[in-house]
Amino acid sequence: MKMFHLPSLSTVMLYTLCLTFLVLLLVKTRREASGTLPLKQLMKPQSSPVTSWYSLGVVYPSNYTFHLNEPNKCLERTPFLVLLVITEPKDVAKRHAIRQTWGNENLVPGISILRLFLTGVHPIFGSPVQKHLEEESALYRDIIQQDFIDTYYNLTLKTLMGMEWISKFCPSATYVMKADSDIFLNVDYLMSQLLQPHLPPKKNYMTGYVKLNVVSEHDKGNKWYVPKEVYPNDTYPPYCAGPGYVLSGDLVKKILQVAQTMKVIHIEDAFMGLCLQELGIRATDSRWGLFNIHKIEYEKCTFSELVVVHHYGPEELLKIWPDLRAQKKTCHS
Ligand SMILES: *[C@@H]1O[C@H](CO)[C@@H](O)[C@H](O)[C@H]1NC(C)=O
Ligand SMILES: *[C@@H]1O[C@H](CO)[C@@H](O)[C@H](O)[C@H]1NC(C)=O
Ligand SMILES: *[C@@H]1O[C@H](CO)[C@@H](O)[C@H](O)[C@H]1NC(C)=O
């Protein structure tokens, strides 16, 4: 009977070492080829949607139709602040948490606040998500949806849809805030520090975390890639970071108008900066620490004196909210 030749332990170790080395080398080469992008991002099939989107080279096609709409919201009242919250059709839990926390329209006594969630259409035609969304809309009457496909690359369309809605159905709103669904927002502090309802409304006003000299990506593998033909310059003009920014009602209509003469880029916040530049308006800087684009751990007194913190999901929002709203402890000594 023939015996198998068993490799010695040292041979096995040698093979393992060689293999590990090869894998590491491969990973390193791929990383270097792509700048600092992690592998996960490289593997996403992202070149096709970008190129198909940009090959259109389009100006905002403002003729999408409203699937879900609330055209009468502002016939009943003139909101001081409209919250336009970016969500996807499937984001039921996020919307639910926001309604119960910072999106509660009755949060600030005596101030009329209107909350609306913006969505496009689920990428899979006939998905049950649409039916659920319609039920949710019938129940809460706070969802606006147009018939463009809801993808990351169409994000700018979603914000523009919100502006179109304001222009058509709520032109007398005093202020508008665009908010992502993964933020913490302190509406009270926004009111007392920035909007100050007892003063005359600001004009041509936009504020948030103002980003300066952001480099525009002309490298195809990048999530923020924008072709040179669409945006030729090396940096973007100043703009307010996307997670949460505020603008005066008068500016909404102006941005919507100017947007219809420009090539849309999918980087929604940078696009708003381009619109401002075209209008010859500069974003207003906010005091350091009011708008936070990085996560900060919750602490009652800190959170009582800021406006936005990025990266708060629904569970965390629901968890911190009761403590923040509790009157028991005061923060000013
Ligand atoms: C919107 O209008 C453009 C130009 O008028 C037209 O080419 C396009 O088909 C329209 N799109 C929709 C969705 O109606
Ligand atoms: C954006 O939405 C339009 C209209 O539904 C669609 O034709 C297009 O493919 C979408 N773009 C991307 C990049 O998803
Ligand atoms: C590019 O930069 C130049 C010089 O600063 C400026 O005049 C021009 O308006 C910019 N173009 C765009 C599309 O922003």
Side-chain angles (χ1 to χ4, degrees), residues 41 43-69 84 86-91 117-127 129-130 133-134 143-165 178 180 206 210-242 251 254-283:
Q41 259 189 44
M43 294 183 173
K44 273 203 243 160
Q46 47 192 189
S47 53
S48 58
V50 184
T51 36
S52 67
W53 174 237
Y54 281 119
S55 63
L56 299 170
V58 286
V59 153
Y60 172 51
S62 60
N63 50 358
Y64 291 117
T65 52
F66 288 98
H67 259 323
L68 295 174
N69 196 3
L84 297 176
I86 300 287
T87 63
E88 290 173 41
K90 65 170 167 54
D91 289 339
F117 294 105
L118 310 178
T119 87
V121 175
H122 193 278
I124 298 168
F125 182 76
S127 157
V129 170
Q130 181 61 26
L133 187 74
E134 283 165 18
I143 297 174
I144 305 292
Q145 180 186 41
Q146 269 184 347
D147 61 351
F148 58 82
I149 301 181
D150 197 313
T151 59
Y152 174 72
Y153 291 101
N154 268 345
L155 183 57
T156 305
L157 298 188
K158 214 184 275 182
T159 298
L160 289 172
M161 163 179 81
M163 299 197 166
E164 187 183 336
W165 190 89
K178 178 259 166 174
D180 281 348
M206 183 161 182
V210 179
K211 290 187 158 186
L212 301 173
N213 301 317
V214 175
V215 171
S216 59
E217 286 293 343
H218 296 304
D219 169 10
K220 270 197 181 161
N222 197 292
K223 184 182 178 189
W224 293 283
Y225 161 67
V226 171
K228 270 204 152 69
E229 305 80 65
V230 177
Y231 185 70
N233 285 5
D234 291 337
T235 58
Y236 292 113
Y239 63 88
C240 298
L251 189 53
K254 293 179 192 172
I255 289 183
L256 183 68
Q257 259 173 8
V258 78
Q260 283 162 21
T261 67
M262 295 167 59
K263 286 178 184 170
V264 177
I265 61 171
H266 74 283
I267 308 162
E268 172 261 341
D269 45 10
F271 182 71
M272 292 302 139
L274 291 172
C275 291
L276 280 193
Q277 173 179 262
E278 199 68 15
L279 291 167
I281 293 169
R282 222 191 130 87

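Every number for a ligand or one of its atoms is a count from 1 in the order of the listing.
Using a 4.0 Å cutoff on heavy atoms, Y64 counts as a contact of ligand 2.
Remark: the backbone N or O of K223 is paired with a side-chain donor or acceptor of H266 at under 3.5 angstrom. For the pair N154 (side chain) and T151 (backbone), a donor-acceptor distance under 3.5 Å is absent.
Of the candidates L157, T119, V129, T119 is the only one forming a side chain to side chain contact (heavy atoms under 4.5 Å, CB included) with D150. Checking each of L276, L212, V214 against P238 for a side chain to side chain contact (heavy atoms under 4.5 Å, CB included) leaves exactly one that passes, namely L212.
Under the 4.5 Å side-chain criterion, counting only non-hydrogen atoms from C-beta, N233 is in contact with Y231.
Contact record, H122 with P89: N-CG, 3.8 Å, taken as the closest heavy-atom pair. A pairwise comparison of heavy atoms in C240 and M206 identifies SG-CG, 3.8 Å as the closest pair.
Here is the list of ligand 2 atoms found below 4.0 Å of a heavy atom in F148: 2 (O), 4 (C), 5 (O). Residue Y153 has at least one heavy-atom neighbour below 4.0 Å for each of these atoms of ligand 2: 13 (C).
Only the side chain of T151 comes within contact range of ligand 2, with a heavy atom under 4.0 Å; no backbone atom does. Residue contacts with ligand 2, taken as heavy atom pairs separated by less than 4.0 Å, involve D147 solely via the backbone atoms N, CA, C and O.
For ligand 2, one of its N or O atoms has an N or O atom of N154 under 3.5 Å away. Residue I149 has at least one nitrogen or oxygen atom sitting less than 3.5 Å from a nitrogen or oxygen atom of ligand 2, judged on distance alone.
Defined by atom type and a distance below 3.5 Å, a donor-acceptor pair is missing between the side-chain atoms of T235 and N213.
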Report each N/O pair between ligand 3 and the protein that falls under 3.5 Å, naming both atoms.
{"unit_1": "ligand 3", "atom_1": "2 (O)", "unit_2": "N233", "atom_2": "ND2", "d": "2.2"}
{"unit_1": "ligand 3", "atom_1": "11 (N)", "unit_2": "N233", "atom_2": "ND2", "d": "3.0"}
{"unit_1": "ligand 3", "atom_1": "14 (O)", "unit_2": "Q277", "atom_2": "NE2", "d": "2.9"}

Problem - Worked verdict on E134 versus Q145 for side chain to side chain donor-acceptor pair (under 3.5 Å) - result: CA-CA 10 Å; E134 283 165 18; Q145 180 186 41; over 6 Å; no

